Amino acid sequence: MNIKLLRVIQNSIPNFDVSNTEDIIKAEKFLKREIKLNTEFTPKEVDEIINFFKIYGSRFDILLSNEAVNCIINGNTFSFSRLNFPSVKLKLFEDQSKRLSCLDNEKLLETQHSLCEDFANIFSESIWQFIQTNLLEENWLNLIKVFKYYHSLINYENFEKLNTILTQKNNVIFELIPFEEKYKLLNGQYAYGTNENYFRMLSVIDAYYFEEQVNRINSNVVNYQKKSKYYKVYLAKILIAISNFEAVSDEIIRVLADNKKIAYLWIRYDERIDRSFIDNLLILKSKKFSARAEWIILSVYFLIIFLLYLNAYFLYSSLIIIAFVLEIIVYLVYRERFSIDYFSLMPVDKKDKFRLVLKNIAVNSFVIQIMSLLACLLLLIIAIIAIYSAGFGLFLLARLYMYLKNK
C-alpha cells in the first residue's frame, strides 16, 4: 500500500474521518481525479488505500496518530531522530490502555498484540523502507530506538531481511581483519565496524542471534593482534566498539570487557612493538596531561608557529613557498599515519573534544615540521656529497642504504 496516498487525502480533505462513509467516497473520487493528473500513483494503489479504509476503518488510528509511528511509515528518518525518547506521548497504546481499562490485562495485551501484528503486515513495505534508509545512512541510533520501543511493528519478514543484511556486514568485518592493507576502509566504507552504536544496535535487535558473530570478530582480532605495527590501532577500535554489544553469555561479557582494556593499551602502543621515528612522534596524541597543561602547551605552540611564519613572510617570503611544498609532500607520504586519531578511541567528554581536536592538529603539525626539517637536512647533505664527490659519493651512499635495509 502506498502510504503517500494517505498523506494526500489528509492534506486535501479537511477533518477526514475514516469511519465516515461519505468521507471515504469523497476520498475515492478525489484520488481517481488525482491519478489522471499525477502519474506518481496508479489505479491499483488507489483501490488498495480505499479498501484499507473500508475494511479497517479507524482500527489503526491509535498507531497512525503516534508521531514516531508516523515518521516510520512515512520514511522520515530525520524527524524520527529528533524525537525525545523515551516519552509518554510516543508510547504505543497509552490512550487505548485508558479506554480499555475495563478489560483484564490478558485481554488488553491480546488486543494490542493483534493490532500490532496486523499493522506490521499491512505497512510492511513502508516500515522496511524506513529500516533500509537508516541502514544506508548508517543511522544506528534510529534503529536502536525502533527495535527498543516499536519492535512489535516489525513483522517476521522484515526482521529476517534485516538479520541477513547485518550478518553480511559482520562477515565483512570478520574477513577484513587478516588484511592490514584493508584497515583504512574502517575509516570509510566499513566505518560501522568501529562504531559503538552499531554493535549496541545488534544486541537490541537480537542479542541471542548476533552473539556468536560478535564473538567470532573478537576472536579474529585476538588471532591477528601481532600482525601489524601502527595499524594495530584499528584492531583496538574494533575491540572497543564490540565491547558495547550486550551479550547474553556472562563469559562473553567478561571477555569483551577485558579485551576493551587491552585495546586501550594498544592505542597507547605497547613498548614491545617496534615503532618508526614518526610513530614515536605521533604517539604524543595518546599521552595524557591535565587539561590546563594541554591548553598552555597548545597556546604556546600555536603562538610560536604563528610568529615563525610571520617573520618568515616579512624577511624570507620565498621560504614560505618552499616550506609549504615540503610540508605537503611530507603529509602526502605519511597521510595514513596522520589519519589515525588515537585520542578519538578513548572515552572523551564533550567539553574536552575541541581541545583534543586542537591537540591532534598540533601533533600532526609538529611532526610535519620535524620531518620537513629532516628532509631539508638530508637534501643538503646529498647536495654537498654530490658536489664534492662528482657523483661517486651518491653511489656509495645508495649502496650503504641498500646494505642497511637488507640487514
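As the structure is a prediction and not an experimental result, all values here were calculated from the model. All values below were derived from every heavy atom in this structure, side-chain atoms included, with hydrogens, water molecules and symmetry-related copies excluded.
The local environment of CZ in F30 is crowded, with over 12 non-hydrogen atoms from other residues, nucleotides or ligands closer than 6.0 Å. Heavy atoms from other residues, nucleotides or ligands lying under 6.0 Å from CD of E160 number more than 12. In the displayed structure, K161 atom NZ is contacted under 6.0 Å by more than 12 heavy atoms of other residues, nucleotides or ligands. Heavy atoms from other residues, nucleotides or ligands lying under 6.0 Å from CD of E138 number more than 12.
The structure places CD1 of I217 at 4.5 Å from CG of N170, a figure rounded to the nearest 0.5 Å. Taking CD1 of I242 as the start and CZ of R216 as the end, the distance is 12.5 Å to the nearest 0.5 Å. Note that the CG atom of L166 and the CD atom of Q213 stand 8.5 Å from one another [nearest 0.5 Å]. The distance from the OH atom of Y150 to the SG atom of C116 is 11.0 Å, given to the nearest 0.5 Å. Atoms CD1 and NZ, on I240 and K260 in that order, are 7.5 Å from each other to the nearest 0.5 Å. Put simply, CD1 on I238 and OH on Y234 are 10.5 Å apart, with the number rounded to the nearest 0.5 Å.
A perpendicular orientation is assigned to the rings of W140 and Y198, their planes being inclined by more than 60° (bins at 30° and 60°). Between F354 and W295, the ring planes are tilted. Angles from 30° to 60° get that label.
Between N197 and N195, the shortest heavy-atom contact is N-OD1, 2.8 Å. For A247 against I252, the heavy-atom pair with the smallest separation is CB-CG2, 3.7 Å. Residue V214 comes nearest to F199 through the heavy atom pair CG2-CD2, 4.2 Å, listed as atom of the first residue, atom of the second, then distance. Taking both residues in full, the closest heavy atoms of L186 and G193 are given as CD2-CA, 4.4 Å, listed atom of the first, atom of the second, then distance. Nearest heavy atom pair, residue L298 against residue L358, reads CD2-O, 3.9 Å. The shortest heavy-atom contact between K148 and V204 is N-CG1, 3.9 Å.
Put simply, the side chain of S243 does not reach to within 4.5 Å of the side chain of N259, judged on heavy atoms. Side chains of Y190 and Y192 form a contact here, defined as non-hydrogen atoms less than 4.5 Å apart. Within the 4.5 Å cutoff, the side chain of F179 has no heavy atoms near those of the L185 side chain. Residues E67 and N70 have side chains not in contact (no heavy-atom distance under 4.5 Å, counting atoms from C-beta outward). Between I131 and I154 the shortest side-chain heavy-atom distance falls below 4.5 Å. Inter-residue side-chain proximity for F60 and I122 is flagged as met; some heavy-atom pair is nearer than 4.5 Å. T194 is not listed as a side-chain neighbour of N187, based on a closest heavy-atom distance of 4.5 Å or more. Using a 4.5 Å heavy-atom threshold, the side chains of T164 and Q168 count as touching.
Here E137 pairs with T77 under the side-chain hydrogen bond (donor to acceptor under 3.5 Å, both in side chains) rule; sequence neighbours left out. Partners of K32 according to the salt bridge (charged side-chain N to carboxylate O under 4.0 Å, His left out) rule, which considers only residues two or more places apart in sequence or in another chain, are E28. Shown here are the side-chain contact (heavy atoms from CB on, under 4.5 Å) partners of N244, two or more places apart in sequence or in another chain: E196, R200. In this structure, N171 has no side-chain hydrogen bond (donor to acceptor under 3.5 Å, both in side chains) partners at least two apart in sequence or on a different chain. Every side-chain hydrogen bond (donor to acceptor under 3.5 Å, both in side chains) that S79 has, sequence neighbours left out, goes to N76. For R254, the side-chain hydrogen bond (donor to acceptor under 3.5 Å, both in side chains) criterion is met by E251, D258, not counting sequence neighbours.
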- Query: Do E125 and W128 pass the side-chain contact (heavy atoms from CB on, under 4.5 Å) test, and can you show the C-alpha distance, the side-chain angles, and the key distance before you say yes or no?
  - Reply: CA-CA 5 Å; E125 187 178 341; W128 174 248; 5.8 Å; no

- Going through the distances and angles, do I305 and F366 end up as a side-chain contact (heavy atoms from CB on, under 4.5 Å)? CA-CA 9 Å; I305 292 297; F366 176 71; over 6 Å; no

- Query: Would F123 and L153 count as a side-chain contact (heavy atoms from CB on, under 4.5 Å) if you check the C-alpha gap in whole Å, the side-chain angles of each, and the deciding distance to 0.1 Å?
  - Reply: CA-CA 9 Å; F123 292 93; L153 302 182; over 6 Å; no

- Going through the distances and angles, do F119 and L115 end up as a side-chain contact (heavy atoms from CB on, under 4.5 Å)? CA-CA 6 Å; F119 186 91; L115 187 68; 5.6 Å; no

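With hydrogens and angles ignored, the 3.5 Å screen pairs a side-chain donor or acceptor of N220 with a backbone N or O of F174. Under a 3.5 Å cut-off, the side chain of E211 and the backbone N or O of V248 do form a donor-acceptor pair.
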